[in-house]
Structure formats: C-alpha cells, structure tokens
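Below is one structure, written out as structure tokens, with a few remarks after it.
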Amino acid sequence: MIGTLVNASAIIVGGSIGLLLKKNFPEKYISIYFQAVGLFTILLGVKMALAVSFPILMVFSLICGGLVGEFFDLEGKTEKFGNWLKRKLHLNNEHFTEGLVTAFLLFCMGSMSVIGAIEEGFGKTSDLLLTKSLMDGFSALMLASAFGIGVLFSSIPLLLFQGGITIFVWVFAKDIPIEYINELTAVGGVLLIGLSINILEIKKLRIINLLPSLLFVCLFMYIRSFFS
C-alpha cells in the first residue's frame, strides 16, 4: 500500500499549501482553473467511457446503482456526515462537504486509481500510483484554495477505497479479468462526466447516488461469465 499512502500524503501536502495560498490567490485564477479541470474531466470521462464493451450492462448498472443510491439517499447521508464532521471539528467552511466529495471523486474515479491499486495488490509495482500522487498533489493545491480543508479530508476515503482494492486483490483475487477493469473504468468515466457537469455548474447531478453502479457492473459481469 505504499503507493496509496504516498497518494494520500500528497493530497494532504498539496491541500495544505493550497490553504496557505487561499487568501492571496485571486478568484479569477481559481475560476479559470476549474473551467480547465471541468473541460479536461469531460474529455477524460469520455475516453474512459469508450472502453465499454457491453453498453447494455453499463446502462443497467447506472440505472440500478442510481435507484439503490436514491433509496438509501447516499448523497444526503454524505452531506449530513460532512456537516456533522465539520461541527465536531469546529470548522467554519461552508464548502467542506462539497470539497471532500469533489476531491474524492476526482482522485478515485479514474482508471489510474483502480489499476494502480490492483497492481499493488498483485505486488507488481507502485509506479502508477506514485505518478498519480504527483498529479493529485497539484490538484489538491488548487482544489483546497477554492473549497478549503474538506479537500484534505478526501485523503481518508481515498485510503479506504484504494487501500481496500489493494488488500482485496492481495487476499482474494488470483487474477482479475481485463474485461472487469474495462467495464469498471467505463462506468467510472460516466461518473466523471457527471462530475464535470457539476464542476462547470451546468447542472447539479447527484453523483454520490450513482456510486453503487460500480458494484453493479462487477456483479453483472460476474453473472454474464456464466453465460459466455
């Protein structure tokens, strides 16, 4: 889990620098940064989504995941948890939850996050996650300058997400078919496109409620394996 630990540390360091620069960072630079990030996230999401080989499974995964997310109100519970955490830590930051969620989705929905964690689980290399750490550190700097300290706290779910994948692969998975990774990446790409729409303030989408789609696509791929 060296790569994941370095990744989380890079977010904390980059985010801390962003907090220090926040007061002296002109708003126009933050605004143009998010426009650039939003456009790039659309491009990245489309590229990832094009990895899909089974569009029907993707659609059903998104629908089922969205319905489950809405039923359990994951978005609302995440916001309540963020507000509870903010009160407990006596943080005066109205964008705390938004910063935490936005940063987590940006840092964890890419193929680098999933594939890098899997590679570590197989004991191959940490190079991919170390490269990702440099990118995330700079992004955390800019995000924290806009959203505040919530960005630093995104390192906690990142540890759980990437670290969980690494440990699961190390303990249970002898081999994960490339088809699973491709479909998981494709669904993650759709979620990134949704996130970019939020970043660009085109429309507020409940992306957190769609996160169960990542589990459903794995489930549907597993079921499909019995018929192929």
Side-chain angles (χ1 to χ4, degrees), residues 7 10-11 14-15 18 25 27-66 69-70 74-75 78-79 95 97-117 128-129 131-148 150-151 154 157-158 161-162 180-217:
N7 198 172
I11 291 171
F25 216 15
E27 181 65 32
K28 63 179 182 179
Y29 293 125
I30 296 176
S31 176
I32 196 64
Y33 167 78
F34 276 103
Q35 290 177 26
V37 167
L39 292 172
F40 174 75
T41 304
I42 290 177
L43 177 63
L44 181 61
V46 170
K47 181 181 178 182
M48 290 169 57
L50 289 176
V52 66
S53 297
F54 308 101
I56 298 298
L57 293 187
M58 173 192 276
V59 171
F60 277 113
S61 298
L62 290 167
I63 292 173
C64 293
E70 284 290 334
L74 298 182
E75 188 99 10
T78 300
E79 186 173 347
H95 297 296
T97 305
E98 184 181 1
L100 189 157
V101 171
T102 300
F104 168 70
L105 291 173
L106 272 177
F107 297 151
C108 292
M109 285 300 103
S111 56
M112 290 181 74
S113 182
V114 176
I115 296 173
L128 193 58
L129 288 184
T131 301
K132 177 177 177 289
S133 298
L134 293 175
M135 299 166 58
D136 289 353
F138 179 75
S139 294
L141 187 157
M142 300 300 292
L143 286 168
S145 67
F147 290 121
V151 174
S154 70
L158 178 137
F161 179 76
Q162 286 185 184
Y180 281 61
I181 297 176
N182 287 342
E183 298 308 306
L184 194 63
T185 297
V187 173
V190 174
L191 298 185
L192 277 185
I193 294 172
L195 177 63
S196 67
I197 292 173
N198 285 348
I199 292 174
L200 293 171
E201 299 182 343
I202 298 173
K203 181 179 175 62
K204 177 63 176 176
L205 301 179
R206 297 189 291 276
I207 302 300
I208 294 294
N209 284 352
L210 288 169
L211 284 180
S213 304
L214 297 170
L215 297 177
F216 274 101
V217 73

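Here the structure is a predicted model, which is why all the values come from computation and not from measurement.
- The CG atom of Asp136 sits 11.0 Å away from the OG1 atom of Thr131 when rounded to the nearest 0.5 Å.
- Residue Glu75 is tested with Leu210, Leu211, Ile208 for a side chain to side chain contact (heavy atoms under 4.5 Å, CB included); the sole match is Ile208.
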Test log, rule side-chain hydrogen bond (donor to acceptor under 3.5 Å, both in side chains), inputs Glu79 and Thr97 = CA-CA 6 Å; Glu79 186 173 347; Thr97 305; over 6 Å; no
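- Between the side chain of Ser145 and the backbone N or O of Met142, at least one donor-acceptor pair lies under 3.5 Å.
- In summary, the aromatic rings of Phe34 and Phe147 are positioned with their centroids under 6.0 Å apart.
- To the nearest 0.5 Å, atoms CZ (Phe104) and OG1 (Thr78) are separated by 9.5 Å.
- Smallest separation of non-hydrogen atoms from Thr102 and Leu195: O-CD2, 4.1 Å.
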Worked verdict on Leu214 versus Leu191 for side chain to side chain contact (heavy atoms under 4.5 Å, CB included) | CA-CA 10 Å; Leu214 297 170; Leu191 298 185; 4.2 Å; yes
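- One distance of note links CG of Asn7 with CE of Met135; it measures 10.0 Å at 0.5 Å rounding.
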Going through the checks in order, is the side chain to side chain contact (heavy atoms under 4.5 Å, CB included) test met by Tyr33 and Val37?
-> CA-CA 6 Å; Tyr33 167 78; Val37 167; 3.3 Å; yes
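- Checked by atom type and distance alone, the side chain of Lys132 pairs as donor or acceptor with a backbone atom of Phe107 at under 3.5 Å.
- Within a 6.0 Å sphere centred on CZ of Phe54, other residues, nucleotides and ligands contribute more than 12 heavy atoms.
- We find the CD1-CD1 distance between Ile202 and Ile42 to be 5.5 Å, quoted to the nearest 0.5 Å.
- For Ser113 against Gln162, the heavy-atom pair with the smallest separation is OG-OE1, 2.8 Å.
- Across Pro212 and Leu74, no two heavy atoms sit closer than the pair CG-CD1, 3.6 Å.
- Shown here for Leu62 and Ser213, the closest heavy-atom pair between the two residues is CA-OG, 3.3 Å.
- The CG atom of Leu192 sits 12.5 Å away from the NZ atom of Lys47 when rounded to the nearest 0.5 Å.
- The closest donor-acceptor contact from the side chain of Ser196 to the backbone of Ile193 lies under 3.5 Å.
- Taken from CG in Leu100 to NE2 in His95, the straight-line distance is 14.5 Å, to the nearest 0.5 Å.
- Summarising the geometry of Ser133 relative to Ala10, their closest heavy-atom pair is O-CB, 3.4 Å, with the distance given to 0.1 Å.
- Nearest approach of Ser61 to Val217, heavy atoms of both residues: OG-CA, 3.1 Å.
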Kindly indicate, with the supporting measurements, whether the criterion side chain to side chain contact (heavy atoms under 4.5 Å, CB included) is fulfilled by Leu105 and Val101.
-> CA-CA 6 Å; Leu105 291 173; Val101 171; 3.9 Å; yes
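- With hydrogens and angles disregarded, no donor-acceptor distance shorter than 3.5 Å links the side chain of Thr185 to the backbone of Met48.
- The backbone N or O of Gly66 sits nowhere less than 3.5 Å from a side-chain atom of Asn209 that would complete a donor-acceptor pair.
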In sequence, state the C-alpha distance, the side-chain angles, and the governing distance for Ser139 and Leu106, and then conclude on side chain to side chain contact (heavy atoms under 4.5 Å, CB included).
-> CA-CA 9 Å; Ser139 294; Leu106 272 177; 5.9 Å; no
